[in-house]
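This report concerns only the one structure given below.
In this chain, numbering begins with 1 at the start of the sequence shown. Being a predicted model, the structure only gives us computed values, none of them experimental.
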Amino acid sequence: MMSDVLVFLVCLIDGLLLLILNVYFIICLSDLECDYLNTKQGCKRLNQLVLPEIITTALIPVLLLLSWHWFLFILLCPLSGYLVYRFVTLPPGSLGVYDPTEIRNRGQLIYFQKETFVKIGYHLITFFISLYGFIVALLL
């Protein structure tokens, strides 16, 4: 069984990386909205980071499951499931989650910005839960 200190330290670092990644998503999406960035170039930048985001988001629940923290696993699992579902159910012929031909249609850009803000809030909660668990594990 893994040490709780190590588990929460990895979760803490992972949460910090995900916060930084989602802030980068917000910057790219706002640059797309203001036309500072070409649509094709912006979507290429974002699509390159979708799979690393899915992997790093899924790492936290897997570590919590392996270390027998069931409540935290159940609490932190829905975002991983949503990201995997969104990636797996891409329509055929699309260029990725962020499709340059579709991102300006039907308010998708606004939707992606709102989604990223929700993910930032979720990762902030994850970060502080991991920080609390890390401190408690150090004290025990």
Side-chain angles (χ1 to χ4, degrees):
M1 185 153 4
M2 290 197 255
S3 169
D4 283 346
V5 175
L6 181 64
V7 168
F8 284 115
L9 179 64
V10 171
C11 290
L12 191 66
I13 293 169
D14 191 37
L16 184 63
L17 289 174
L18 285 167
L19 280 171
I20 293 168
L21 183 68
N22 279 293
V23 167
Y24 179 75
F25 277 8
I26 285 293
I27 291 169
C28 284
L29 288 170
S30 65
D31 284 350
L32 278 172
E33 183 181 28
C34 297
D35 284 335
Y36 295 140
L37 197 59
N38 184 1
T39 306
K40 186 176 179 181
Q41 181 184 11
C43 290
K44 183 180 176 186
R45 285 183 185 179
L46 293 171
N47 282 327
Q48 287 175 346
L49 296 173
V50 168
L51 199 56
E53 180 192 19
I54 292 171
I55 292 169
T56 53
T57 304
L59 179 67
I60 296 174
V62 168
L63 283 176
L64 292 172
L65 180 65
L66 292 176
S67 64
W68 298 95
H69 294 281
W70 291 101
F71 180 72
L72 293 176
F73 167 75
I74 292 170
L75 184 68
L76 300 176
C77 206
L79 181 63
S80 300
Y82 170 72
L83 291 176
V84 169
Y85 172 78
R86 186 178 72 167
F87 186 72
V88 170
T89 59
L90 285 174
S94 72
L95 299 174
V97 174
Y98 302 97
D99 193 356
T101 59
E102 294 287 326
I103 197 158
R104 299 214 184 259
N105 297 342
R106 298 173 296 186
Q108 280 190 354
L109 192 59
I110 303 295
Y111 172 77
F112 286 137
Q113 285 177 334
K114 289 178 184 177
E115 177 185 82
T116 306
F117 279 122
V118 169
K119 288 192 293 186
I120 285 175
Y122 186 85
H123 293 310
L124 273 172
I125 292 170
T126 303
F127 179 78
F128 286 114
I129 288 173
S130 300
L131 182 64
Y132 175 76
F134 180 67
I135 292 170
V136 168
L138 279 176
L139 294 176
L140 294 180

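Closest non-hydrogen pair, Glu33 versus Leu109, comes out as CA-CD2, 3.4 Å. Across all non-hydrogen atoms, the minimal contact from Pro100 to Thr39 is O-CG2, 3.3 Å. For Leu76 against Pro61, the heavy-atom pair with the smallest separation is O-CG, 3.5 Å. Contact record, Phe25 with Leu49: CE1-CB, 3.6 Å, taken as the closest heavy-atom pair.
We find the CD-CG distance between Glu115 and Asn22 to be 9.0 Å, quoted to the nearest 0.5 Å. Here the CG-CH2 distance, from Leu75 to Trp70, works out to 15.0 Å after rounding to the nearest 0.5 Å. For the atom pair Leu95 CG and Leu90 CG, the distance stands at 10.0 Å (nearest 0.5 Å). Rounded to the nearest 0.5 Å, atoms CG (Leu131) and CG (Leu16) are 10.5 Å apart. Ser130 contributes atom OG, which lies 7.0 Å from atom CG of Leu64 (distance to the nearest 0.5 angstrom). Note that the SG atom of Cys28 and the CD atom of Gln41 stand 9.0 Å from one another [nearest 0.5 Å].
Linking ILVMFWY side-chain heavy atoms closer than 4.5 Å, directly or via other members, places Ile74 and Tyr85 in two distinct hydrophobic clusters. Residues Trp68 and Leu65 are members of one and the same hydrophobic cluster, defined by side-chain heavy-atom contacts under 4.5 angstrom among Ile, Leu, Val, Met, Phe, Trp and Tyr. One hydrophobic cluster, built from ILVMFWY side chains closer than 4.5 Å, holds both Leu51 and Val84. A chain of hydrophobic side-chain contacts below 4.5 Å, direct or via other Ile, Leu, Val, Met, Phe, Trp or Tyr residues, connects Ile55 to Val88. Connection of Phe112 to Tyr36 is not established within any shared hydrophobic cluster, with ILVMFWY side chains joined at heavy-atom distances below 4.5 Å, either directly or through further cluster members.
Taking the side chain as every heavy atom from C-beta outward, Ile103 and Cys43 approach each other to under 4.5 Å. Looking at heavy atoms from C-beta onward, Gln113 lies in side-chain contact with Ile110 at the 4.5 angstrom threshold. Annotation: side chain of Tyr122 is in contact with side chain of Pro78 (closest heavy-atom distance under 4.5 Å). A heavy-atom distance below 4.5 Å is found between the side chains of Leu9 and Ile13. Side-chain contact between Leu63 and His69 is absent, with no heavy-atom pair separated by less than 4.5 Å.
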Worksheet item: Run the side-chain contact (heavy atoms from CB on, under 4.5 Å) check on Val136 and Phe8 step by step: do they pass?
Response: CA-CA 10 Å; Val136 168; Phe8 284 115; over 6 Å; no
Discussion item. For a side-chain contact (heavy atoms from CB on, under 4.5 Å) check, start with the C-alpha distance between Arg45 and Tyr24, then their side-chain angles and the critical distance, and finish with the verdict.
Written reply: CA-CA 10 Å; Arg45 285 183 185 179; Tyr24 179 75; 3.4 Å; yes
Practice prompt. Show the numbers, then the answer: is there a side-chain contact (heavy atoms from CB on, under 4.5 Å) between His123 and Leu21?
Written response: CA-CA 10 Å; His123 293 310; Leu21 183 68; over 6 Å; no
Practice prompt. Show your reasoning for whether side-chain contact (heavy atoms from CB on, under 4.5 Å) applies to Ile60 and Phe73.
Written response: CA-CA 8 Å; Ile60 296 174; Phe73 167 75; over 6 Å; no
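Ile129 pairs with exactly one of Leu12, Leu72, Leu124 by the side chain to side chain contact (heavy atoms under 4.5 Å, CB included) rule, that one being Leu72. Among Leu59, Thr126, Thr57, Ile120, the one residue that satisfies the side chain to side chain contact (heavy atoms under 4.5 Å, CB included) test with Leu18 is Thr57.
When atom types are taken as modelled, the side chain of Asn47 and the backbone of Asp99 share no donor-acceptor pair closer than 3.5 angstrom.
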